Amino acid sequence: MSGAQFSPPANPSSTARRNTPAFAPYQPPGVSGARIAGAVSLTLLYFGLVGYLPYYLEGYAAKYGLSAPIQPDFLLVAGAIVAILAGLSIATKPTRAWGPVRVMSAGFDLIYIFYLLQNPVYTATIHGFTISLTYSHILELFLIPPAIGLLAGVATSVGDILHPWERIQLQFPSTRYPAPGGGYGQAI
Amino acid sequence: MMGPRPSALYRLAQILRVLAILALVFLVLFLATVAFSAVQMGEGIAKQAGTLHHSLSAEAIGTNILVNVTFPIPNQGYYNVRGLTLVAIFINQTIQSTPLAVTTAGPTNIPGYGMGNVSLLTAFDMANPAGPFLLLNDAELQGVLFLNASYAAVVPINLKVAFNYHWGAPFANLSYSNGTPTPEPNDTIAIPVTIFFENHTPGLVMTGAIEATVTEGNGTVCTRQTFPVETHPGPVTLMETIYAPDTCSFSGDTITSVFSSPGPPPFSINLPTEPIE
């Protein structure tokens, strides 16, 4: 197994605490208020783009005779779930739950797209002409990012199990007690 | 002095995350340009749709009446349209359960900011069971047009367009009327005959002859005579005289005619039998 050894979070009861070290043990950043605010903002933004925008466009298109095979309410609910999982992914990034949350988020995205692929036909009646438009291949292209994201989530989850605290220390290095030579603030 | 080297798993996850974000950004940008480009193309096609009927023509070959619709497809978008193929099916369930005509066109490639021409040549075979009906009667046909193409190299377009097509009969309202048979010298009887029909097929001009055959009630052919005729879209009235031997009884006789054109290309169709009244 490759990779450096990263120390676990500091244990306040340890004797190392009494003898002030040159470099303090790594303190995980935790889920800060700013991160939660960012996650909520992203959730709202995602919901607007993935949930409300398709819902609005479908209602707008229906006025012109374009009927979609998906219920508008379903778009809202599915968009909300996508947005909440994306927000959770941001909020849990400094924790070991990040990998599983990313797996859930990408997994739901895949299931959602697969569901949309079940009946990917828009039908429109324009000036007496009935036009059916199939968009399955476009949707299939959009399976790629969540599929890669799912692999990334699995790799992150496994990495967090095999190398505890490595990712968190790399992504959230201690700024209070920088390690010598630009290290990650690990304990001595 | 550098920090500890991250594990391979961490680096793999990092690479996959970046790839996923890049793929999503690329797809969104690509889809946006495709959508914008497709809208540009759609607007161009909508402008051209009004000129569709200017390139409608028809001709007769064998037992077929060929209706040719040529229409330009402008591509005002960035991306190429590749392998544009059209399949059109014309049906009328009340006339015939099977399709009256099936036609294909293409494949055609239309470059970005270019223009393509698609000719949809549809053959209506008058030898079909529905042929006699279509020769004499206008009809509203239901059509289904399937359009397949590849847009922007990776986005397939599959359109299914249902439409109505007004079939104009080339011998609509065909009628025969005959005057009183008049005895002529040489043991013949002159029968004044008026043949009237309207050519409702747009663009169809046929030069040929109508061969009229008078058949007695017992099936014996009484006489046969040919009249030159040129049909243009619109009404056609032929006032001719058929000379028959005075042995014909004219009781229960019928008149049958065949329109034939020597071509090229040759064309021959049987017109329905009408009684002599």
Side-chain angles (χ1 to χ4, degrees), chain A residues 1-7 49 98-99 102 106 109 120-121 123-138 140-163 166-167 169-171 173 178-186, chain B residues 1-35 38-39 42 45-46 49-50 52 88 140 142-166:
Chain A
M1 197 181 302
S2 65
Q5 293 300 311
F6 290 83
S7 65
L49 290 174
W98 191 46
R102 281 188 62 89
D109 293 350
V121 180
T123 306
T125 304
I126 302 168
H127 302 305
F129 284 65
T130 302
I131 299 173
S132 298
L133 174 64
T134 306
Y135 54 86
S136 59
H137 287 73
I138 299 171
E140 284 166 5
L141 284 176
F142 273 87
L143 285 171
I144 295 171
I148 300 174
L150 186 72
L151 291 176
V154 169
T156 303
S157 302
V158 174
D160 281 355
I161 292 169
L162 296 180
H163 306 286
E166 176 195 42
R167 175 184 62 80
Q169 288 187 45
L170 286 167
Q171 291 181 339
Y184 301 114
Q186 59 182 330
Chain B
M1 182 179 170
M2 297 298 291
R5 179 178 167 78
S7 67
L9 205 53
Y10 173 84
R11 282 178 280 144
L12 174 67
Q14 195 81 329
I15 290 169
L16 287 172
R17 279 194 294 272
V18 172
L19 276 179
I21 292 170
L22 285 179
L24 185 63
V25 169
F26 173 78
L27 277 175
V28 168
L29 289 177
F30 176 66
L31 188 64
T33 59
V34 167
V39 168
I45 291 174
L52 186 68
E140 295 302 326
Q142 289 81 51
V144 182
L145 180 70
F146 298 92
L147 183 151
N148 295 304
S150 173
Y151 189 62
V154 293
V155 181
I157 303 169
N158 304 301
L159 288 181
K160 179 185 173 188
V161 182
F163 62 93
N164 293 320
Y165 178 74
H166 177 76

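Bear in mind the structure is a predicted one, so any value in this text is a computation, not a measurement.
For B:L22, no part sits under 4.5 Å from any heavy atom of chain A, backbone or side chain.
Using a 4.5 Å heavy-atom cutoff, the side chains of B:L27 and A:P145 are in contact.
Exactly one residue among A:I148, A:L151, A:I144 makes a side-chain contact (heavy atoms from CB on, under 4.5 Å) with B:L19. That residue is A:I148.
For the atom pair CD of A:Q171 and OH of B:Y10, the computed distance is 4.0 Å after rounding to the nearest 0.5 Å. Taking OG1 of A:T156 as the reference point, atom CZ of B:R17 lies at 4.0 Å (rounded to 0.5 Å).
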**Q.** B:L9 and A:E166: CA distance, side-chain angles, deciding distance, side chain to side chain contact (heavy atoms under 4.5 Å, CB included) verdict
**A.** CA-CA 10 Å; B:L9 205 53; A:E166 176 195 42; 5.9 Å; no
